[in-house]
**Student:** 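Just dropping this structure here.
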Amino acid sequence: MGISLHRFVEHKLFSRFILGVILVNAVLIGLATNNSLYENYQSVFVFLDVLILAIFTIEILVKLAVYRQNFFKDGWNVFDFVIVFGSLVLYNTHFVGVLRILRVLRVLRTISVVPSLKRLTSALFMAIPAIGSVTILMGIIFYVYAIIGTSFFGKLTPEYFGNVGLSALTLFQVFTLESWASGVFRPIFAEIAWSWLYFVSFIVVSTFIILNLIVGEIVNNAQKLSEHAKEESEDMQKIMDELDELKQLIKEKEQ
C-alpha cells in the first residue's frame with residue numbers, strides 16, 4: 001500500500017492535476033477582484049475556494065503519509081505546508097487580509113510543482129552570495145558617480161544632482177533606463193557638451209556589465225543544477241537496470 005501510494009504521489013498525472021488546480025485557483029483569484037462579478041457569483045467562488053483548499057489539504061496529508069519525517073527536509077514542501085495550513089487556520093477568522101495574501105501565495109505553488117521552475121528558483125537562491133558581492137560593487141559605483149554628478153551638475157540641475165542623495169536617486173532612474181534621456185540627460189547636455197561621457201559610461205558600467213554579471217551567475221547555477229539532475233536521473237536508470245537484471249537472474253535460477 002505504501003509503495004503504491006508513493007508511486008501515486010510521484011506520478012506525472014498527479015503533479016499535472018495539482019498544477020491544473022493551482023492554475024484554476026490563480027484564475028479564480030483574478031476574477032474575484034472584479035467586485036460585480038464576485039457579488040453575483042459569490043456562492044460559486046466560495047464553493048470553488050473551499051474545494052481547492054480541500055484538494056490542497058488532501059495533497060499535503062498524502063505526502064505526509066508517504067514521506068513522513070523526510071517531508072519537512074524539502075524546503076518546497078515546507079512552503080506548501082505553511083500556505084495550506086495557514087489557509088485552514090485563518091479561513092473563518094477576522095484576519096481577512098492575511099488570508100487573501102495566502103490565497104495569492106497559492107499561485108506560487110506552481111514553482112514547487114514544475115521541475116524547471118524549481119531549478120531556476122534554486123539557481124536564483126544559489127546566486128544570492130554572488131549577487132550580494134555585485135550589489136556592494138554596484139553601491140560603490142553609484143556612490144562614486146553620485147559624487148561626480150553632484151560636483152559637476154549640482155548647480156545646473158539641483159532637482160536632480162543637488163546633493164549625493166538626489167544624485168543617487170537620479171542615477172537609479174538612469175539605471176532603469178526610464179525616461180533618462182529626455183528627463184535628465186538632454187537638459188544637462190544642452191549646457192555641458194561632455195556630459196554624455198558621464199551618462200554613457202555609467203549606463204555601460206552599471207546596466208550592462210553589472211546586470212550581466214548577475215544574470216551570468218544565475219545561468220551558471222541553473223546549468224549546474226540541470227547537469228546534477230541529469231546525473232541523478234542516469235544513476236537512477238542504472239539502478240533500475242541492475243534491479244531488472246537481478247530479477248531476471250532470480251527467475252532463471254527458479255526455473
Side-chain angles (χ1 to χ4, degrees), residues 1-35 37-129 131-132 218 221-222 225-226 228-229 232-233 236:
M1 179 66 182
I3 297 175
S4 61
L5 194 61
H6 186 274
R7 288 180 179 176
F8 173 75
V9 171
E10 295 290 338
H11 202 278
K12 290 182 179 180
L13 289 178
F14 180 77
S15 298
R16 289 174 182 174
F17 172 73
I18 295 299
L19 177 60
V21 175
I22 292 170
L23 295 178
V24 170
N25 176 70
V27 173
L28 288 174
I29 291 172
L31 293 175
T33 58
N34 189 322
N35 293 328
L37 184 65
Y38 183 79
E39 290 174 359
N40 292 331
Y41 299 96
Q42 184 175 358
S43 58
V44 177
F45 278 103
V46 172
F47 170 76
L48 291 175
D49 186 65
V50 173
L51 178 62
I52 289 171
L53 183 57
I55 293 172
F56 286 156
T57 304
I58 293 171
E59 178 207 0
I60 295 297
L61 291 175
V62 171
K63 285 185 175 181
L64 280 170
V66 171
Y67 300 121
R68 300 183 181 180
Q69 295 91 346
N70 294 327
F71 177 84
F72 294 100
K73 291 181 180 179
D74 189 341
W76 291 111
N77 287 338
V78 175
F79 177 76
D80 295 341
F81 179 83
V82 170
I83 292 175
V84 175
F85 182 75
S87 299
L88 288 171
V89 171
L90 299 174
Y91 198 84
N92 288 321
T93 64
H94 298 289
F95 299 99
V96 180
V98 179
L99 182 59
R100 287 176 179 173
I101 293 172
L102 288 172
R103 283 176 181 166
V104 174
L105 287 177
R106 288 184 205 167
V107 181
L108 293 177
R109 292 202 57 212
T110 310
I111 300 173
S112 65
V113 177
V114 181
S116 58
L117 291 179
K118 286 177 68 173
R119 285 196 297 270
L120 183 60
T121 307
S122 299
L124 180 61
F125 282 117
M126 288 174 61
I128 287 177
I131 291 175
I218 295 173
N221 289 327
L225 289 172
S226 180
H228 181 67
E232 286 185 343
S233 178
M236 184 60 67

**Student:** Mind checking whether F17 and L13 have side chains closer than 4.5 Å, heavy atoms only?
**Tutor:** no
**Student:** When rounded to the nearest 0.5 angstrom, what distance separates CG in N25 from CG in L51?
**Tutor:** 10.5 Å
**Student:** Would F45 and Y41 count as a close aromatic pair, with their ring centres under 6.0 Å?
**Tutor:** no
**Student:** Shortest non-hydrogen contact from V9 to F14?
**Tutor:** O-CD2, 3.3 Å
**Student:** Atom CD1 in I22, atom CD1 in I18: separation rounded to 0.5 Å?
**Tutor:** 7.0 Å
**Student:** With rounding to the nearest 0.5 angstrom, report the CG to CG distance, L28 to L23.
**Tutor:** 11.0 Å
**Student:** Measuring from I29:CD1 to I52:CD1, what's the distance to the nearest 0.5 Å?
**Tutor:** 8.0 Å
**Student:** Would you say F85 has more than 12 foreign heavy atoms packed within less than 6.0 Å of its CZ?
**Tutor:** no
**Student:** Output the distance between atom CG (L37) and atom CD (Q42), rounded to the nearest 0.5 Å.
**Tutor:** 11.5 Å
**Student:** When you compare the side chain of F71 with that of I60, does any pair of heavy atoms fall below 4.5 Å?
**Tutor:** yes
**Student:** Atom CZ in F81, atom CG in D74: separation rounded to 0.5 Å?
**Tutor:** 14.0 Å
